Amino acid sequence: MKRLDKVAEAIARSIRHCEHMRVISHNDADGITSAGLICHALLRAGIPFQATLVNRLDRSVIDGLTGPVVFCDMGSGKPDLISLVQGECFVLDHHRPVGTLDCMHLNPHLFGIDGAFELSAAGTVYSVVRHMGDNADLAGLALVGAMGDRQAMIGANRSILEEAVASGAVQVRAGLKLSEDGPVEDVLARSIEPLLDFTGDREKIKKFLDDLNIKGNTESLAGDDLTKLATALTLKLIMQGSFAADSILGEVIRLRHEAVENSLHMVQLLNACGNRDLPGIGLTLCLRDHGALLEAERLADEYKEHILREINLLREQSRQMNNLRYLKRVNMEAGAIVSGLGIRYLYTDLPLVTLNHKADMIKISARGNKPLIARGLDLSVALRRAAEAVGGNGGGHTIASGASIPPGREDEFLALLDQILDEQLNKRADPSGQTAVDAA
């Protein structure tokens, strides 16, 4: 961490010398909080900026772009595109690097820190902005970014959490790790985190709570009531076969300076803004404008309806191959979220892949879990190889990755991906070191 911090300090000095800045960041919760962090720091340093939040980094983003520019939550895997930027360039990312970047580049993987689990893009950006001024109050946003990418508070994230507590940016207490506050019956009825088999069924939820004799607001439950509810929910998830059963009760992070106090709810709002193609509302929220909250809440409610509808489609229409489970749909609203929820709460034995035909492209989201990672799963490698073999591109993290491929190549892609996953999960490889995918 000390080596990363030294490079972060050098990047902070260089950014502070810039007269203006372009900010390009991803449009999910980690990317939006990353943009929020750097924009806060630039604003406080008196450096004019223009921020753009995008779904992916491609040539259309780069064409005509001149520095100084900072890329957040993207860029480490696209050295060919980054090299086209004219002028000073900074890349603050946590995805596994590919090739070499000829610019100032901060990535935890370069310092022996696992960017998939221990430090998010927002955490990487925070390591820079903490050297740009008195910005310790922003540490909560870095933690929101980590939670948005389903990272644990371990390693570098734990260091940020401790700093956030010490500065008063967050408060940590034991409690239920739910993404909403309020009457427990209402919260469970709307819950997608955790995804319970009675979500949306108020009659079943009422009986469940009556049997436990539980009432009150989720954020104020304590003592025996908290223990009883946490135990019952944990057992319910175990019965569903979920590996997320141990995440019901634990450290609850409350944000002291942000527009929303519940950190998991902040994640939900930002993801909804990104999904509804209004990431700017999420960025405004990260800049502590309470005026954006009402619209963000509306987007989140709308998004949640789509998620629950598509979770039902996953249950009804998903198909299984030897080494993966997949769902093919047209114009899905929440492919990445559905694959993430599915692998956590419904289908934990195989990697889960959604293929979403949108406009002239097939967008792919793939998710794994820690037991699959322990067996050798690396979705970043698998999606990149399979996608490139059919004329697309892909990458990301070992546990969560994405790709884009041309329409009509889905079945070929799935067959190649299944073969690559067989090599990873079952340790099968051609003695020559070459596979049919590599030879294609």
Side-chain angles (χ1 to χ4, degrees), residues 1 4-5 7-8 11 23-41 53 57 70-77 90-97 105-130 135-136 138-164 169-170 177 179 193 247 251 253 255 258 263-264 266-271 273-274 279 282-283 285-286 336-337 340 367-368 370 373 379-380 395-402:
M1 191 68 184
L4 181 146
D5 191 60
V7 175
I11 291 174
V23 177
I24 309 291
S25 192
H26 194 207
N27 68 347
D28 67 357
D30 191 24
I32 296 172
T33 50
S34 296
L37 283 159
I38 193 69
C39 290
H40 262 297
L53 301 169
L57 183 59
V70 55
F71 292 92
C72 303
D73 199 21
M74 52 177 51
S76 289
F90 308 89
V91 173
L92 311 179
D93 196 3
H94 72 132
H95 296 90
R96 182 172 295 174
H105 179 204
L106 190 66
N107 187 305
H109 289 283
L110 300 175
F111 303 91
I113 300 169
D114 192 335
F117 297 104
E118 298 179 49
L119 192 65
S120 67
T124 305
V125 175
Y126 177 71
S127 70
V128 172
V129 304
R130 64 194 293 273
N135 293 318
L138 302 177
L141 285 179
L143 301 174
V144 170
M147 287 183 280
D149 268 15
R150 301 195 181 283
Q151 295 191 354
M153 293 299 118
I154 60 174
N157 284 332
R158 173 58 60 174
S159 297
I160 295 174
L161 177 60
E162 291 171 355
E163 187 169 312
V170 306
K177 299 170 75 170
S179 59
E193 280 284 332
S247 64
E251 288 183 332
I253 297 173
L255 306 169
E258 308 306 327
S263 56
L264 291 171
M266 184 72 158
V267 170
Q268 199 169 83
L269 294 177
L270 297 181
N271 277 330
C273 291
L283 178 55
L285 205 60
C286 288
I337 298 295
R367 298 292 183 268
K370 288 186 177 179
I373 298 296
L379 288 172
S380 175
H397 303 294
T398 54
I399 199 167
S401 197

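The structure displayed is predicted, hence computed values, not measured ones.
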If we only count heavy atoms from C-beta on, is the [X] to [Y] side-chain gap below 4.5 Å?
X	Y	result
V129	H40	no
V125	V70	no
S127	L4	yes
V7	F111	yes
Y126	L143	no
N107	R96	no

Checklist entry - Which is it for E193 and S179 under the side chain to side chain donor-acceptor pair (under 3.5 Å) test, yes or no, and what are the steps along the way? => result CA-CA 7 Å; E193 280 284 332; S179 59; over 6 Å; no

If you take all heavy atoms of [X] and [Y], which pair is closest and at what distance?
X	Y	answer
G282	I32	C-CG2, 3.6 Å
A152	N157	O-ND2, 3.1 Å
A35	L53	CB-CD2, 3.7 Å
A400	L379	N-CD1, 4.2 Å
G115	P108	CA-CG, 3.8 Å
L92	I11	CD2-CD1, 4.1 Å

Is [X] reaching over with its side chain to a backbone N or O of [Y], donor-acceptor style, under 3.5 angstrom?
X	Y	result
N135	A41	no
S380	G395	no
N271	A29	yes

Item to check | Working for side chain to side chain contact (heavy atoms under 4.5 Å, CB included), residues L285 and E258 | outcome: CA-CA 8 Å; L285 205 60; E258 308 306 327; over 6 Å; no

Checklist entry - In a check of side-chain contact (heavy atoms from CB on, under 4.5 Å) between V144 and each of T33, D30, L264, which one passes? => result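 With V144 as partner, T33, D30, L264 yield a single side-chain contact (heavy atoms from CB on, under 4.5 Å), made by T33.
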
Item to check | Name of the residue among I24, V23, D93 meeting side-chain contact (heavy atoms from CB on, under 4.5 Å) with F71 | outcome: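 Only one option passes, and that is I24.
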
Item to check | Full working for side chain to side chain contact (heavy atoms under 4.5 Å, CB included) between I160 and M153 | outcome: CA-CA 9 Å; I160 295 174; M153 293 299 118; over 6 Å; no

Next on the checklist: Assess, by modelled atom type and distance only, whether the side chains of D149 and S120 contain a donor and an acceptor separated by less than 3.5 Å.
Outcome noted: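 No, no side-chain donor-acceptor contact under 3.5 Å.
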
Checklist entry - Quick one: do the D28 and H26 side chains pair a donor with an acceptor below 3.5 Å? => result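 A pair is found: one side chain offers a donor N or O, the other an acceptor, under 3.5 Å apart.
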
What's the separation between atom [atom1] in [X] and atom [atom2] in [Y], rounded to the nearest 0.5 Å?
X	Y	atom1	atom2	value
L138	C286	CG	SG	10.0 Å
S159	E118	OG	CD	10.0 Å
L106	T124	CG	OG1	6.0 Å

Checklist entry - Using the ring of each side chain (for Trp, its six-membered ring), is H397 parallel, tilted or perpendicular to H94, with breaks at 30° and 60°? => result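 Geometry flag for H94 against H397: tilted rings.
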
Checklist entry - Between R367 and I399, is a side chain to side chain contact (heavy atoms under 4.5 Å, CB included) present by the stated rule, with each step listed? => result CA-CA 6 Å; R367 298 292 183 268; I399 199 167; over 6 Å; no

